[in-house]
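Here is the structure we will look at.
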Amino acid sequence: MMYAAIMGYGTIGSGVAEILVNYRDRIARSAGQEIELKYVLDLREFPDSPVADRVIHDFKTIEEDEQIKLVVETMGGLKPAYSFVKACLSAGKHVITSNKALVAAHGTELLQIAREKNVNFFFEASVGGGIPIIRTLYRCLTGEKIKEITGILNGTTNFILTKMDREGASFDEVLREAQELGYAERNPEADVEGHDTCRKIAILTAMMTGKEVNYEDIHTEGITQITDVDFRYAKEMGTSVKLLGTSRMVDEKVYAKVAPVMIGREHPLYAVSGVYNGILVKSDMLGTSMYYGSGAGKLPTASAVVADLIEAVQNEKTNVPIGWGAGRQEIADNKASESRYFIRVAGDAKEKAGLVQEAFGEVQTLVLEGMDEFSVLTKKMSEEEFTRRAIVLDSGCQRKGENGIRQIIRAELED
Ligand code: HSE
């Protein structure tokens, strides 16, 4: 029998407790011994819950209880999660977390402490909710050289974009629904501004390169500027807009970014809808593989935490070599990364054809009925070149006393 504590009885923590209590025998069979949930640490009381008698409020109870060998951290955020997790690892306890902010900010140090103490620091649920992507990278693809990881890594934003696409729903209305369903972060800005995806792609990039990645080096844009008008064009073009986190290895340089991207039906991530996440991995021997499943939500995310708990029990006395070392992975300047661009331009397409041609050369133009604007799809070019050309177009419009570019979305579409 191994004793466990859960820190944080929110959506995921309560899901983990539910699984440990309801599926005790099944988990014992997998783990090789029973897992007994001894404490649930939270600021609140839960008098009507099945764990009411296990709720504690003082972290020291967990830290000082030598019986506790397994600690689940599902509090989220850095304070006090970081100091609690560090103390648990230092005390020789295995720690399992779903907290991407913690892993992205302090993963290197926490992995190092786990190695020194011969325990495990597992974080499967920190990326892709219930999708086993971390384990896939360190176990199944361990012999591969990974060249690219691109993912829809945030359930909330994918839920919002899917509803905007299919139902023409408004951004605020769908965000509220996602929050009610327990998908969104406590602070929805983390989801909609792309910060959550940024931390997840930083973790995946560190797994890919074996080196620490500073998530602040990753160019990050969210979805707050995406509108129903963009989806009208996308529909006409047979495309959709998804928030993608991408990390690509080109000539031993790593390009990583988070941004809304227009993709077509042929793209493997096109069909990833609603709260689902999808992660595309390109590696040298396997080629392209894709991992798909629930990216957020109580039981799907708790399922990944429980799988880590089981792996920790199976490796009670061994540190499983996962993660990355202390070397820092540089992220290449975003200016050099290439894509096509979908732009919406104010005014009449015929009148502005010359200006567009002067700025971008050959483009695909689309006019929607009843709109005082048109869209163009450029050829592939670097961010730096695009910015230069966009300035040419905008200043050309201004010379004529007219408005220029209304919207810019990167496009991963075949030429
Ligand atoms: N807010 C996150 C999401 C939760 O929507 O994907 C899972 O990390």
Side-chain angles (χ1 to χ4, degrees), residues 150 157 161 164-165 168 170-171 192-194 218-244 246 248 250 255-267 269-270 332-415:
T150 294
T157 46
L161 292 174
M164 287 174 77
D165 184 1
S170 83
F171 179 86
V192 298
E193 297 292 357
I218 299 177
H219 176 89
T220 299
E221 294 171 28
I223 63 161
T224 52
Q225 306 301 319
I226 303 297
T227 68
D228 52 338
V229 178
D230 301 322
F231 280 109
R232 283 189 57 192
Y233 284 98
K235 193 152 280 170
E236 195 65 29
M237 294 162 75
T239 65
S240 191
V241 180
K242 304 282 191 188
L243 183 66
L244 300 185
T246 301
R248 274 195 192 113
V250 184
Y255 293 85
K257 103 170 117 210
V258 175
V261 180
M262 181 174 275
I263 56 174
R265 291 203 176 100
E266 72 293 341
H267 196 293
L269 293 170
Y270 179 88
D333 194 332
N334 185 46
K335 277 192 231 154
S337 81
E338 294 193 330
S339 68
R340 298 181 78 188
Y341 296 84
F342 163 86
I343 37 187
R344 285 175 34 222
V345 185
D348 182 80
K350 284 205 187 92
E351 283 171 18
K352 290 227 166 106
L355 280 177
V356 170
Q357 160 86 31
E358 185 196 334
F360 287 106
E362 279 307 303
V363 292
Q364 285 164 246
T365 303
L366 177 63
V367 180
L368 292 185
E369 228 182 280
M371 304 289 283
D372 62 344
E373 59 165 60
F374 59 98
S375 77
V376 298
L377 188 60
T378 73
K379 295 228 176 301
K380 195 169 181 178
M381 63 189 79
S382 70
E383 297 264 338
E384 191 169 28
E385 183 180 349
F386 174 78
T387 308
R388 232 180 16 246
R389 289 174 180 267
I391 291 170
V392 173
L393 176 56
D394 252 342
S395 50
C397 294
Q398 274 162 27
R399 270 199 310 276
K400 292 175 128 196
E402 291 171 11
N403 290 327
I405 295 176
R406 282 186 176 162
Q407 176 64 296
I408 301 168
I409 302 176
R410 292 173 189 82
E412 292 292 327
L413 299 169
E414 280 158 22
D415 264 324

Minimal non-hydrogen separation, [X] against [Y], with atom names:
{"X": "S240", "Y": "F231", "answer": "OG-CE2, 3.9 Å"}
{"X": "A332", "Y": "Y255", "answer": "CB-CE2, 3.5 Å"}
{"X": "Y341", "Y": "I408", "answer": "CD2-CG2, 4.1 Å"}
{"X": "S375", "Y": "F342", "answer": "CB-CE1, 3.5 Å"}
{"X": "E412", "Y": "V261", "answer": "CG-CG1, 3.5 Å"}
{"X": "L269", "Y": "L244", "answer": "CD1-CD2, 3.9 Å"}

Taking atom [atom1] of [X] and atom [atom2] of [Y], what is their separation to the nearest 0.5 Å?
{"X": "I226", "Y": "T157", "atom1": "CD1", "atom2": "OG1", "answer": "11.0 Å"}
{"X": "T378", "Y": "E362", "atom1": "OG1", "atom2": "CD", "answer": "12.0 Å"}
{"X": "T365", "Y": "L377", "atom1": "OG1", "atom2": "CG", "answer": "9.5 Å"}
{"X": "F360", "Y": "M381", "atom1": "CZ", "atom2": "CE", "answer": "5.5 Å"}
{"X": "I409", "Y": "I263", "atom1": "CD1", "atom2": "CD1", "answer": "12.0 Å"}
{"X": "E358", "Y": "L393", "atom1": "CD", "atom2": "CG", "answer": "9.0 Å"}

Taking the side chain as C-beta and beyond, is there a heavy-atom pair between [X] and [Y] under 4.5 Å?
{"X": "K242", "Y": "H267", "result": "no"}
{"X": "V258", "Y": "L243", "result": "yes"}
{"X": "M237", "Y": "M262", "result": "yes"}
{"X": "M164", "Y": "V241", "result": "no"}

> If you count the non-hydrogen atoms of other residues, nucleotides and ligands that lie under 6.0 Å from CD in E414, is the total more than 12?
Replying inline: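 Check fails, neighbour count at 12 or below.
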> So with a 6.0 Å cut-off around CG of N403, is the heavy-atom count from everything else above 12?
Replying inline: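 12 or below, so no.
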> Which of these, E221, E338, E383, sits in a salt bridge (Lys or Arg N to Asp or Glu O under 4.0 Å) with K257?
Replying inline: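 Looking at E221, E338, E383, the match for K257 under the salt bridge (Lys or Arg N to Asp or Glu O under 4.0 Å) is E383.
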> E193 and T220: side chain to side chain contact (heavy atoms under 4.5 Å, CB included), yes or no, with the steps?
Replying inline: CA-CA 8 Å; E193 297 292 357; T220 299; over 6 Å; no
> Is the backbone N or O of S170 less than 3.5 Å from a side-chain atom of D228, with the two atoms forming a donor-acceptor pair by type?
Replying inline: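 A pair under 3.5 Å: no.
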>> Donor-acceptor pair, distance only, cut-off 3.5 Å: does the side chain of T150 make one with the backbone of T246?
In response: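 Pair absent, no side-chain N/O of T150 close to backbone of T246.
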> Can D165 and K235 be said to form a side chain to side chain contact (heavy atoms under 4.5 Å, CB included), step by step?
Replying inline: CA-CA 8 Å; D165 184 1; K235 193 152 280 170; 3.9 Å; yes
> Going through the checks in order, is the salt bridge (charged side-chain N to carboxylate O under 4.0 Å, His left out) test met by D372 and R406?
Replying inline: CA-CA 11 Å; D372 62 344; R406 282 186 176 162; 3.0 Å; yes
> Quick one: do R344 and D230 make a salt bridge, cutoff under 4.0 Å?
Replying inline: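 The answer is yes: the pair qualifies as a salt bridge.
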>> Working note: Q407 + Y233, criterion side chain to side chain contact (heavy atoms under 4.5 Å, CB included); need CA distance, chi angles, decisive distance, verdict.
In response: CA-CA 12 Å; Q407 176 64 296; Y233 284 98; over 6 Å; no
> salt bridge (charged side-chain N to carboxylate O under 4.0 Å, His left out) between E402 and K352: does it pass, once the steps are laid out?
Replying inline: CA-CA 10 Å; E402 291 171 11; K352 290 227 166 106; 3.1 Å; yes
